[in-house]
Engineer: 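Dropping a structure here in structure tokens format, bear with me for questions.
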Amino acid sequence: MSPLLGKDGKLAITDEKLQLLNTLLSRQGEFVSGQEIAEKMGLSRPSVWKDIQYFKALNYRIEARSKVGYRLIGVPDILHPLQYFPFLNTRRYGRTCYYHRVIDSTNREARRLIERGVPDGTIVIAEYQSKGMGRWGRKWFSPFGKNIILSLILFPSLEATSASLLPFLTGVKLAQALEEETGVHPSMLWPNDVLFARRKIAGILVESAFRQSDLEHVIIGVGVNVNSSLVDFPGGLQERVTTLREILGRPTSRQKLLAVFLEKMENGVRAMEEGKASDILEQWRFYADFLGDPVRILLGDSREVRGTARDVLPDGRLLLRTDSGDLPVDASEVISLSLK
Ligand code: BTN
């Protein structure tokens, strides 16, 4: 099992910690003596105590009774690798994780980590962002500890020309993961908003860096509204967003959803690298039920264009039918897009 990196890049999770947690979990509610744990794991009792403190700091509820041992009473709902790892079926994606309770933005942290050097497939997770970034210069708000806030760092073997397809691939994989895990059938709005009943359920922010004709690195930022309620969002957003909890009336496992999404992404990027992903846009169209509908687009130069969304072109541009003919629109020129 590969080591998992924690905050500040220090080794946070070792096999030893995972083993300790598994022991406590398998006997949840029962006291397990420090001596027994120490012997089983070949550790000193002070090291066991130190590991217990690590879990307590993450809000695991562990009762320590002198001369008796430790008892696990409660497991927090956190997106820590300890909790999504059991569901993870990937070779690299999500195997190295920087977990934060609070951070400015996971995409910003991903940029900083790339400077320091991290492996392909590293993820940054946060329970809350103080400066979450959305596309087109907007903010991304997500209440503490209820949703998925993720940045995936990739160093793919792809040509720069494929970069425009990565947001579509991400949208498709996220929609598929949502559908598979919850039965909810989302729709895509160009280029990669994930909606349900015309309300936003997830957003994707892809940042790419190039070296000559190749992709140097990619940061795929994903925010999914999972277990929050509408009242957790500020007033202005409540009419525009939705969450899985609102749709289903019950909580969804963030840990499982994350793991399934990472697995689909890993397979999807590998297929792209092997030149076997010519159907990405076709798959995206399956979810893009706004095609054929009237839309209004605000461009960076303050121009507004109205027309009918006809299709997405092979390079990812939206083909808009306007009164004066067909107009291909590049996502980088757009400030906002709304359905009429
Ligand atoms: C959008 O729809 O405007 C894109 C929203 C992307 C939000 C995610 S949350 C994780 C990652 N970190 C950020 O600061 N933004 C992205």
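Just so you know, ligand 1 is whichever comes first in the structure, and atom 1 is the first atom listed for that ligand. Everything numeric here is computed off the predicted structure, so don't read it as measured data.
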Engineer: Checking side chain to side chain contact (heavy atoms under 4.5 Å, CB included) against Leu244, which of Asn225, Ile201, Asn147 comes through?
Structural biologist: Ile201
Engineer: With clusters defined by side-chain heavy atoms of hydrophobic residues (ILVMFWY) lying less than 4.5 Å apart, directly or transitively, does Trp140 cluster with Met188?
Structural biologist: no
Engineer: For residues Val124 and Phe155: do they belong to one hydrophobic cluster (side chain heavy atoms under 4.5 Å, members Ile, Leu, Val, Met, Phe, Trp, Tyr)?
Structural biologist: yes
Engineer: Which of the numbered atoms in ligand 1 are below 4.0 angstrom from a heavy atom of Gly132?
Structural biologist: 14 (O)
Engineer: Starting from atom 3 (O) of ligand 1, what is the nearest protein heavy atom, named by residue and atom, and what distance separates them?
Structural biologist: Arg135 N, 2.6 Å
Engineer: Hey, which atoms in ligand 1 end up nearer than 4.0 Å to a heavy atom of Ile149?
Structural biologist: 10 (C)
Engineer: Looking at atom 13 (C) of ligand 1, what's its closest protein heavy atom, distance included?
Structural biologist: Gln129 OE1, 3.3 Å
Engineer: Would you say the side chains of Asp330 and Ser332 form a donor-acceptor pair under 3.5 Å?
Structural biologist: yes
Engineer: Give the atom numbers and elements of ligand 1 that come within less than 4.0 Å of a heavy atom of Met133.
Structural biologist: 5 (C), 6 (C), 7 (C), 13 (C), 14 (O), 15 (N), 16 (C)
Engineer: Where is the nearest protein heavy atom to atom 5 (C) of ligand 1: which residue, which atom, and how far?
Structural biologist: Trp140 CE3, 3.4 Å
Engineer: How about Tyr287 and His185: are their ring centres within less than 6.0 Å of each other?
Structural biologist: yes
Engineer: Taking 4.0 angstrom as the limit, do Arg199 and Glu239 come out as a salt bridge?
Structural biologist: no
Engineer: Taking only heavy atoms of Leu150, which atoms of ligand 1 are found under 4.0 Å from at least one of them?
Structural biologist: 10 (C), 11 (C)
Engineer: Against heavy atoms of Thr106, which atoms of ligand 1 measure under 4.0 Å?
Structural biologist: 10 (C), 11 (C), 12 (N)
Engineer: Looking only at heavy atoms of Lys200, does any of them come nearer than 4.0 Å to an atom of ligand 1?
Structural biologist: yes
Engineer: Would you call Glu274 and Arg270 a salt bridge, taking side-chain N to carboxylate O under 4.0 Å as the test?
Structural biologist: no
Engineer: Is the closest side-chain donor-acceptor distance between Ser151 and Asn107 under 3.5 Å?
Structural biologist: yes
Engineer: Output the list of atoms in ligand 1 that are nearer than 4.0 Å to some heavy atom of Ser105, sorted by atom number.
Structural biologist: 12 (N), 13 (C), 14 (O)
Engineer: Run the numbers for me: atoms of ligand 1, each under 4.0 Å from some heavy atom of Gly134, listed by number.
Structural biologist: 1 (C), 3 (O), 4 (C), 5 (C)
Engineer: With backbone taken as N, CA, C and O and side chain as the heavy atoms from C-beta onward, which portion of Asp193 lies under 4.0 Å from ligand 1: side chain, backbone, both, or neither?
Structural biologist: side chain
Engineer: Quick test of your reading of the model: are Lys146 and Asp77 salt-bridged, counting only N-O distances below 4.0 Å?
Structural biologist: no
Engineer: Polar contacts were defined as any N/O atom of the residue lying under 3.5 Å from an N/O atom of the ligand; does this apply to Lys131 and ligand 1?
Structural biologist: no
Engineer: Give the numbers and elements of all ligand 1 atoms closer than 4.0 Å to a heavy atom of Gly223.
Structural biologist: 8 (C), 9 (S)
Engineer: Is ligand 1 under 4.0 Å from a heavy atom in the side chain of Arg138, in the backbone, in both, or in neither?
Structural biologist: side chain
Engineer: Does the Lys NZ or Arg CZ of Arg112 fall within the cation-pi geometry relative to Tyr98 - under 6.0 Å from the ring centre and within 45° of the axis?
Structural biologist: no
